[in-house]
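Following: one structure in structure tokens, then a few remarks.
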Amino acid sequence: MKKELQQSIEELISASPTIDKVGVEERVARFQTRSIKGDSKLQALKMGLNMIDLTTLEGKDTPGKVQQMCYKAMHLHDELANLPTVAAVCVYPSMVKIAKSALVNSSVKVASVSTAFPSGQAPLSVKLADTTFAVNEGADEIDMVISRGKFLAGEYDYVFDEIAAIKAACGNARLKVILETGELLTLDNVRKASDLAIYAGADFIKTSTGKIQPAATMQVTFTMLLAIKDYFDKTGKMIGMKPAGGISTAKLAIHNLVMVKEVLGNEWLTNQWFRFGASSLANDILMQIRKLETGVYQSSDYFSID
Amino acid sequence: MTKENRQVDSWEYAPSLESTNHIHIKKRYELFINGEWVKPSSGKYFETINPANEEVISEIAHGNEEDIDRAVKAARKAYTEVWSVMPAAERAKYIYRIARLMHEQARELAVIETLDAGKTIRESRDIDVPLACNHFFYYAGWADKLAYAFPNRKVESLGVAGQIIPWNFPLLMAAWKIAPALAAGNTVVLKPAETTPLTALKLAEIIEASGLPPGVVNIVTGYGDTGAALVNHLDVDKIAFTGSTNVGKIIQKALAGTSKKLTLELGGKSANIIFDDAPIDQAVEGIINGIFFNQGHVCCAGSRLFVQENVAEKVISKLKERLKSLYLGDPLDKNTDVGAINSKNQLETIERYIQLGKNEGAEMYQPACVLPKKGFFCPPTLFTNVAQSSVIAQEEIFGPVLTIQTFRTIDEVIQKANNSPYGLAAGVWTEKGARIFNMANQLNAGVIWANTYNKFDPTSPFGGYKESGFGREGGVHGLAAYVKFI
């Protein structure tokens, strides 16, 4: 039985299409020349805000900091009317309970990183315990990291099994699988890892931990979107996408939205299927919305930095 | 629905029209002869229209035999008295100056190109105009280095070059022709296409502003008769023509028995070949760029697609899917991917071929898209179930129409790709380097792109085999077309 599974994973990996980097760069450049203006821009900015996983993943995080971030998640900029909230806050497992109680009565989700984030250098039993702890604390979503070392060593079945095991431990929590593309080195690897994660049960695939550079480049996100597209065409099942790390401006966020629209279609343009993992993006978007409404830029001092 | 959960309904791009209030187009353009704007001796003018809305943009002088004679005389005088005796380094300065002025007016040139030709602003802004500038910059560099361009050979300029250019890349083709001619020390009489004369006339204004000595470049607008007068003029030393194979044949017949040098860049029916190991998603982009670039008005368009049998289904379904996300519409909108067909005439030709394809039993696919009410538009079109013997797979359509055939073996696809009277370009998509070189050796085409398509650069020669013409443009090869070896 185990042998059969291994064989099918090998087949899965060898069926991953190769990726031509130059071609990807060219296509990605086209998304960046789309001109988004007026109402279309305002709609995109609000959509972008609504897709943010407001994130703090520091060793020095304190309950106070997390509580303040949760308040911000629900009250992005009260001065502006009709703003959405962000999609979720993303914290370490030890902060899940605090975030959960701070967000009570709101629809903002709590996402927890797990599986020995960010390196993933721990045995499966530890990763499972980490995940189960976060889920029991009330996490709605789990952001796991894959074992990049095993992946690069060609132990695809190990990586696959690990994702499947974590997925089982998630229960009702949605699973985002972080590929840490900055460590995978090639787009071919990004594609293989995407297919591996999707077939092993990921609800979302996510580019990066934010701790390694480069993180969510458009080339990488594009490659992952194509994997999602192929899976959807084959099975009819939607998989979510979360670029994380490095998307700190509204402009870049809009380029990403254009890319999602043109590769996957409007159905993916909700926070159920697309997220930005970011900490400083929200304020830049707020500043742009303010600019659209008043015609002038306001000093960054007027936007809270929780 | 709470505000947190609100779903964003279908997000569409707002129209983003490039502004036209910074451009200057005269109501009427005369002929540019001997550094002056002169009235055509016939007194006749014709209208140039915007193919995207059928509105008249300007009136253009219709030059005749007499005007051509004036232009050639001016060019001859400028050649013997000024341009051929000027130090080469001085000639270079003028060409650099033209390049810089074009660069400065790039935005205006791009908008006018889009208005006159129907091509999207994205292409005229990002491809046509920058490439045209780069051709002038590139050849300016050769002007004072001619002695080193062809090792162990001495070269001399030819004299007066008569140049006739097509409507698909109006400014770019003018640059391809004028820049090497000037760098090699020749003077020029240029005849732009009747549907797209405006950017060549703007270039005449730039040339005027550059202080280029009068008569070195003359621009005579008109129809086929104007071009014929140029071809048949006795004092022209060289004819360079880009356009249809039919007209190319007429020109070559006309020049038989004369000492005029000739280069022809004619039609094509280029093969774009996808192997099963190709990066499929990027190949699909390459197919689209190959055939829908400039609405397929490209002599080297990858209009015959060959897909290896075992990936054909996948490639075709991805291609159809991708066509749905192309935006067709106002060429001035920065978000438009597919613009207008250049003229009513050309649209009718394309539609005739599409009908023919259906009659031949080929299966047609067009994505659902709303065509603008006015103007000449044609949706991107695919034909499957096509054979080598189908007329739509043999003749150049010069529009957004792709024929798709499958193949099994490498020998089969080489045979089929070469089985055409044309031989301009080809594309090969595979991960195997050795296969790329093998294909490049065996395909009978002037340009072969590997894992890309429709890439142009001033340093790289361009031209065809067989009925696609002879002579090369671009690079040092392009310079050879404008010199004689002594």
Side-chain angles (χ1 to χ4, degrees), chain A residues 17-27 29-30 33-44 46-48 50-51 73-74 81-87 106-109 187-188 191 222-223 225-227 229-230 233-234 254 257-258 260-267 269-272, chain B residues 1-18 120-123 125-127 275-289 311 313-315 317-318 320-322 324-327 332-337 429-432 449-455:
Chain A
T18 55
I19 309 290
D20 184 69
K21 187 161 166 278
V22 177
V24 168
E25 281 166 1
E26 229 169 75
R27 178 91 167 95
R30 287 285 292 274
T33 64
R34 293 287 189 215
S35 176
I36 310 299
K37 288 180 170 171
D39 286 348
S40 175
K41 184 170 181 184
L42 185 61
Q43 195 185 351
K46 288 189 175 175
M47 196 159 63
N50 192 228
M51 290 168 168
M74 298 181 288
N82 297 322
L83 282 188
T85 66
V86 298
S106 106
S107 64
V108 177
K109 302 270 195 296
L187 292 180
D188 284 327
R191 173 65 197 234
F222 176 68
T223 304
L225 291 175
L226 288 178
K229 166 89 176 141
D230 282 344
D233 287 344
K234 203 165 183 177
I254 290 178
L257 295 177
V258 164
V260 173
K261 175 180 168 62
E262 294 193 19
V263 177
L264 296 176
N266 276 331
E267 303 78 49
L269 287 177
T270 78
N271 64 19
Q272 208 192 340
Chain B
M1 199 181 278
T2 65
K3 78 169 187 177
E4 289 91 343
N5 282 331
R6 69 198 200 95
Q7 293 247 329
V8 183
D9 295 321
S10 172
W11 174 49
E12 303 304 332
Y13 307 151
S16 176
L17 297 183
E18 175 71 44
T120 62
I121 187 72
R122 185 188 67 75
E123 286 176 13
R125 177 196 65 202
D126 296 346
I127 299 165
F275 286 96
D276 60 358
D277 67 335
I280 295 292
D281 291 292
Q282 286 73 54
V284 167
E285 284 308 307
I287 295 165
I288 287 183
N289 184 40
V311 290
E313 203 181 319
K314 201 197 241 175
V315 169
S317 97
K318 277 176 181 271
K320 287 179 176 173
E321 188 70 15
R322 176 71 178 93
K324 292 181 195 159
S325 60
L326 291 178
Y327 287 79
L332 270 182
D333 192 324
K334 292 170 206 158
N335 292 330
T336 298
D337 297 310
W429 296 79
T430 171
E431 286 264 294
K432 290 193 172 62
W449 284 290
N451 294 329
T452 188
Y453 207 96
N454 274 343
K455 287 284 174 301

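Since this is a predicted model, take the numbers as computed values, not measurements.
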Exercise. For the residue pair B/Glu12 and A/Gln43, establish whether any side-chain heavy-atom pair is separated by less than 4.5 Å.
Key: no
Practice problem: Go through the structure and list residues passing ring pair (Phe, Tyr, Trp, His ring centres under 6.0 Å) with B/Tyr13, not counting sequence neighbours. | Solution: B/Trp11, B/Tyr327
Quiz prompt | A/Ile19 side chain near B/Gln282 side chain, heavy-atom distance below 4.5 Å | solution = yes
Quiz item: With only heavy atoms counted, which part of A/Ala87 is less than 4.5 Å from chain B, the side chain, the backbone, both or neither?
Solution: neither
Quiz item: Take atom CD in B/Glu313; do more than 12 heavy atoms of anything else shown fall under 6.0 Å from it?
Solution: no
Practice problem: Name the member of A/Ile36, A/Val263, A/Val258, A/Leu257 that forms the most heavy-atom pairs with chain B at distances under 4.5 Å. | Solution: A/Val258
Quiz prompt | Proximal component of A/Asp39, with respect to chain B [non-hydrogen, under 4.5 Å] | solution = neither
Self-check item: Enclosure of B/Lys455 NZ (heavy-atom neighbours >12, cutoff 6.0 Å)
Solution: yes
Quiz item: chain B heavy atoms under 4.5 Å from A/Arg27: which part of the residue, side chain, backbone, both or neither?
Solution: side chain
Exercise. Find the one option among A/Glu26, A/Arg34, A/Lys41 whose heavy-atom pairs under 4.5 Å with chain B are most numerous.
Key: A/Arg34
Exercise. Heavy-atom distances under 4.5 Å only: say whether A/Lys37 touches chain B with side chain, backbone, both or neither.
Key: both
Quiz prompt | For B/Asp277, salt bridge (charged side-chain N to carboxylate O under 4.0 Å, His left out) partners two or more places apart | solution = B/Lys432, B/Arg435
Practice problem: Select one option (side chain, backbone, both, neither) describing which atoms of B/Ala278 are under 4.5 Å from chain A's heavy atoms. | Solution: backbone
Quiz item: Step by step, would you call A/Arg30 with B/Glu285 a salt bridge (charged side-chain N to carboxylate O under 4.0 Å, His left out)?
Solution: CA-CA 11 Å; A/Arg30 287 285 292 274; B/Glu285 284 308 307; 5.8 Å; no
Exercise. Might you point out which heavy atoms bring B/Asp281 and A/Asp230 nearest each other, and give the distance in Å?
Key: OD2-OD2, 4.2 Å
Practice problem: Please state whether the side chain, the backbone, both or neither of B/Lys318 comes within less than 4.5 Å of a heavy atom of chain A. | Solution: side chain
Quiz item: Which atoms of A/Asp233 come close to chain B, meaning under 4.5 Å heavy atom to heavy atom: side chain ones, backbone ones, both, or neither?
Solution: neither
Quiz item: Cut-off 3.5 Å, side chains only: do A/Ser35 and B/Asn335 have a donor facing an acceptor?
Solution: no
Quiz item: Checking heavy atoms, do the side chain of A/Glu267, its backbone, both or neither come under 4.5 Å from chain B?
Solution: neither
Quiz item: What is the distance from atom CG of B/Asp337 to atom OG1 of A/Thr33, rounded to the nearest 0.5 Å?
Solution: 8.0 Å
Exercise. Against chain A, work out which of B/Lys334, B/Arg322, B/Lys324 has the most heavy-atom pairs shorter than 4.5 Å and name it.
Key: B/Arg322
Self-check item: A/Leu226 portion near chain B, given a 4.5 angstrom heavy-atom threshold
Solution: side chain
